[in-house]
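In what follows, a structure is listed as structure tokens, so that the remarks can point back to it.
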Number of protein chains: 2
Amino acid sequence: MSEHQTEQDGARTQLTEYLARNGMKQTRQREAILESFLGVSGHITSENLYEYVRAQYPDIGAATVYRALKLFCDAGLAHALHFQDGVTLYEHEGHHHDHLICVGCGEIVEFECDDIEDFQLRIARDHGYRLTKHRHHLYGYCAKCQSSGTDRK
Amino acid sequence: MSEHQTEQDGARTQLTEYLARNGMKQTRQREAILESFLGVSGHITSENLYEYVRAQYPDIGAATVYRALKLFCDAGLAHALHFQDGVTLYEHEGHHHDHLICVGCGEIVEFECDDIEDFQLRIARDHGYRLTKHRHHLYGYCAKCQSSGTDRK
DNA sequence: TTGATATTGATAATCGTTCTCAACTAGCGT
DNA sequence: ACGCTAGTTGAGAACGATTATCAATATCAA
Ligand SMILES: [Mn+2]
Ligand SMILES: [Mn+2]
Ligand SMILES: [Zn+2]
Ligand SMILES: [Zn+2]
């Protein structure tokens, strides 16, 4: 039994418990969508996940996928991100990190910086704020896109 | 002649030069919209600025305001921000800063942190990226919203 | 098995923003 | 001043990811 396997089982259990705790139902659709979501690594849109889901379960509707992903966030299984205005990307919930995005090819690099996290808390405290979340995105050109000079801008 | 006055004149000149340099035309509408924009301090949506503009110039259309604000960004007079997905806020272009947003009352606090800026550059460099911009938003509850406990969430 | 309640899928609606396009100018050369 | 031409405008349609609606259907505790 791989680490990956236990992680997925953990997620399934987590959803089941969340549903029970909130008087919600465990449906075929939610199980299928969770399965697809867990099978994806990285960042994905609802629309894109819908494609994957539909490949195996053609009867599941798009609205259900949108709803499920939001549910997964509420249940602590997923995390929503907004790199470009207008599209939501989801990733597996895990240890906190922020992102570096290549505006050339779309590559996404994850990073962690405790120092920055500390400064954020200090800034919030200095202004009397209690932080609930933050959004820290760095945009630029990756090494590859810099060398293949044929880029926009 | 106040500092404020010269700042506004500077902006007007900047737009005029940008337009000339790019074979674009200086129109009544653009002048009027710039006037309204300069009269606003802080952060404002296109839609909201359109209200102001319309009060003085009822014939100017919404599309023109949307276009003008985008133009002002290109000309280096304005800066676009996305605190909530789906709405664009504009502010006067000035020295760089980031934002602390109260999710209770919507208050926006501006902050600067050279240390964070430095870490950002280091992170980018470590990954071979050349940064073009970043988005750093801290969300939380301001002091006032924390005490008046009657808040959402 | 039943029945109350939650969920689903198709589709309409949302909403800030952009696009379309015919009418209208700014601004150059004359 | 005049005229040309390319850029600009305003109204309204179109967009696009997401959400709301709602009748049909599935879940699950009793
Ligand atoms: Mn990530
Ligand atoms: Mn600001
Ligand atoms: Zn790249
Ligand atoms: Zn507040």
Side-chain angles (χ1 to χ4, degrees), chain A residues 12 15-37 43-75 78-90, chain B residues 12 15-37 43-75 78 80-90 106:
Chain A
R12 280 187 271 268
L15 178 62
T16 299
E17 289 176 350
Y18 179 85
L19 293 173
R21 200 179 326 127
N22 292 84
M24 302 172 90
K25 292 170 179 172
Q26 180 119 19
T27 65
R28 256 190 293 285
Q29 290 88 337
R30 283 170 177 164
E31 285 169 359
I33 296 168
L34 177 58
E35 220 55 41
S36 296
F37 177 61
H43 311 80
I44 191 171
T45 62
S46 302
E47 209 158 13
N48 219 204
L49 182 64
Y50 170 52
E51 305 289 315
Y52 286 120
V53 171
R54 188 166 47 171
Q56 278 195 59
Y57 308 86
D59 294 341
I60 294 183
T64 303
V65 176
Y66 277 91
R67 287 187 283 235
L69 247 5
K70 187 158 292 188
L71 165 69
F72 296 167
C73 286
D74 293 340
H79 203 241
L81 297 164
H82 299 268
F83 293 144
Q84 345 156 208
D85 188 52
V87 214
T88 304
L89 283 182
Y90 291 91
Chain B
R12 279 186 272 267
L15 179 60
T16 298
E17 289 176 350
Y18 179 86
L19 293 173
R21 200 180 326 127
N22 292 84
M24 304 172 88
K25 292 171 181 173
Q26 179 120 19
T27 65
R28 258 190 293 283
Q29 290 88 335
R30 283 171 177 164
E31 284 169 1
I33 296 168
L34 178 58
E35 220 54 41
S36 296
F37 178 61
H43 311 79
I44 189 170
T45 62
S46 303
E47 211 158 13
N48 219 203
L49 183 64
Y50 170 52
E51 304 289 315
Y52 287 121
V53 171
R54 188 166 48 170
Q56 280 195 58
Y57 308 85
D59 294 341
I60 294 183
T64 303
V65 175
Y66 278 91
R67 287 186 283 233
L69 248 4
K70 187 157 291 187
L71 164 69
F72 296 167
C73 287
D74 292 341
L81 297 164
H82 298 268
F83 293 143
Q84 344 156 207
D85 188 53
V87 214
T88 304
L89 283 181
Y90 291 90

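Throughout, protein chains are lettered first and strands after them, A, B, ... in sequence-line order, and every chain is numbered starting at 1. Please read all numbers here as calculations on a predicted model, not as lab measurements.
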How many Å lie between [atom1] on [X] and [atom2] on [N], as a whole number?
{"X": "Glu31(B)", "N": "dG7(D)", "atom1": "CD", "atom2": "C1'", "result": "15 Å"}
{"X": "Tyr66(A)", "N": "dA13(C)", "atom1": "OH", "atom2": "C1'", "result": "15 Å"}
{"X": "Asp85(B)", "N": "dT17(C)", "atom1": "CG", "atom2": "P", "result": "11 Å"}
{"X": "His82(B)", "N": "dG16(C)", "atom1": "NE2", "atom2": "P", "result": "14 Å"}
{"X": "Leu71(B)", "N": "dG7(D)", "atom1": "CG", "atom2": "C1'", "result": "12 Å"}
{"X": "Asn48(A)", "N": "dG16(D)", "atom1": "CG", "atom2": "C1'", "result": "15 Å"}
{"X": "Gln84(B)", "N": "dT14(C)", "atom1": "CD", "atom2": "P", "result": "19 Å"}
{"X": "Phe72(B)", "N": "dT8(D)", "atom1": "CZ", "atom2": "P", "result": "13 Å"}

Shortest non-hydrogen contact from [X] to [Y]?
{"X": "Val65(A)", "Y": "Ser46(A)", "result": "CG1-O, 3.7 Å"}
{"X": "Gly86(B)", "Y": "Asp85(A)", "result": "N-OD1, 3.0 Å"}
{"X": "Tyr50(A)", "Y": "Ala62(A)", "result": "CE1-N, 3.5 Å"}

Item to check | Thr88(B) side-chain N/O to dT17(C) phosphate OP1/OP2 under 4.0 Å | outcome: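 So the side chain of Thr88(B) is within the cut-off, an N or O lying under 4.0 Å from OP1 or OP2 of dT17(C).
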Item to check | Residue pairs, two or more places apart or on separate chains, that pass side chain to side chain donor-acceptor pair (under 3.5 Å) and touch residues 22-34 of chain B | outcome: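 Listed by first then second residue: Thr16(B)-Gln26(B), Gln26(B)-Glu31(B).
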Next on the checklist: With a 6.0 Å cut-off (strictly less than), is the heavy-atom count around OH of Tyr52(A), excluding the residue itself, greater than 12?
Outcome noted: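 No.
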Checklist entry - Under 6.0 Å from the OH atom of Tyr18(B), do we count more than 12 heavy atoms belonging to anything else shown? => result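 Enclosed: over 12 neighbouring heavy atoms sit under 6.0 Å from OH of Tyr18(B).
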Checklist entry - Base, sugar-phosphate alone, or nothing: which one does Thr45(B) contact when heavy atoms must sit under 4.0 Å apart? => result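 No contact.
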Every protein N/O lying under 3.5 Å from an N/O of nucleotides 7-11 of chain C:
unit_1: dT7(C); atom_1: OP1; unit_2: Lys25(A); atom_2: N; d: 3.1
unit_1: dT7(C); atom_1: OP1; unit_2: Arg30(A); atom_2: NH1; d: 2.5
unit_1: dT7(C); atom_1: OP1; unit_2: Arg30(A); atom_2: NH2; d: 3.1
unit_1: dT8(C); atom_1: OP1; unit_2: Thr27(A); atom_2: OG1; d: 2.7
unit_1: dT8(C); atom_1: O3'; unit_2: Gln29(A); atom_2: NE2; d: 3.0
unit_1: dG9(C); atom_1: OP1; unit_2: Asp59(A); atom_2: O; d: 2.8
unit_1: dG9(C); atom_1: OP2; unit_2: Gly61(A); atom_2: N; d: 3.1
unit_1: dG9(C); atom_1: OP2; unit_2: Thr64(A); atom_2: OG1; d: 2.2
unit_1: dG9(C); atom_1: N7; unit_2: Arg67(A); atom_2: NH2; d: 2.5
unit_1: dG9(C); atom_1: O6; unit_2: Arg67(A); atom_2: NH1; d: 3.4

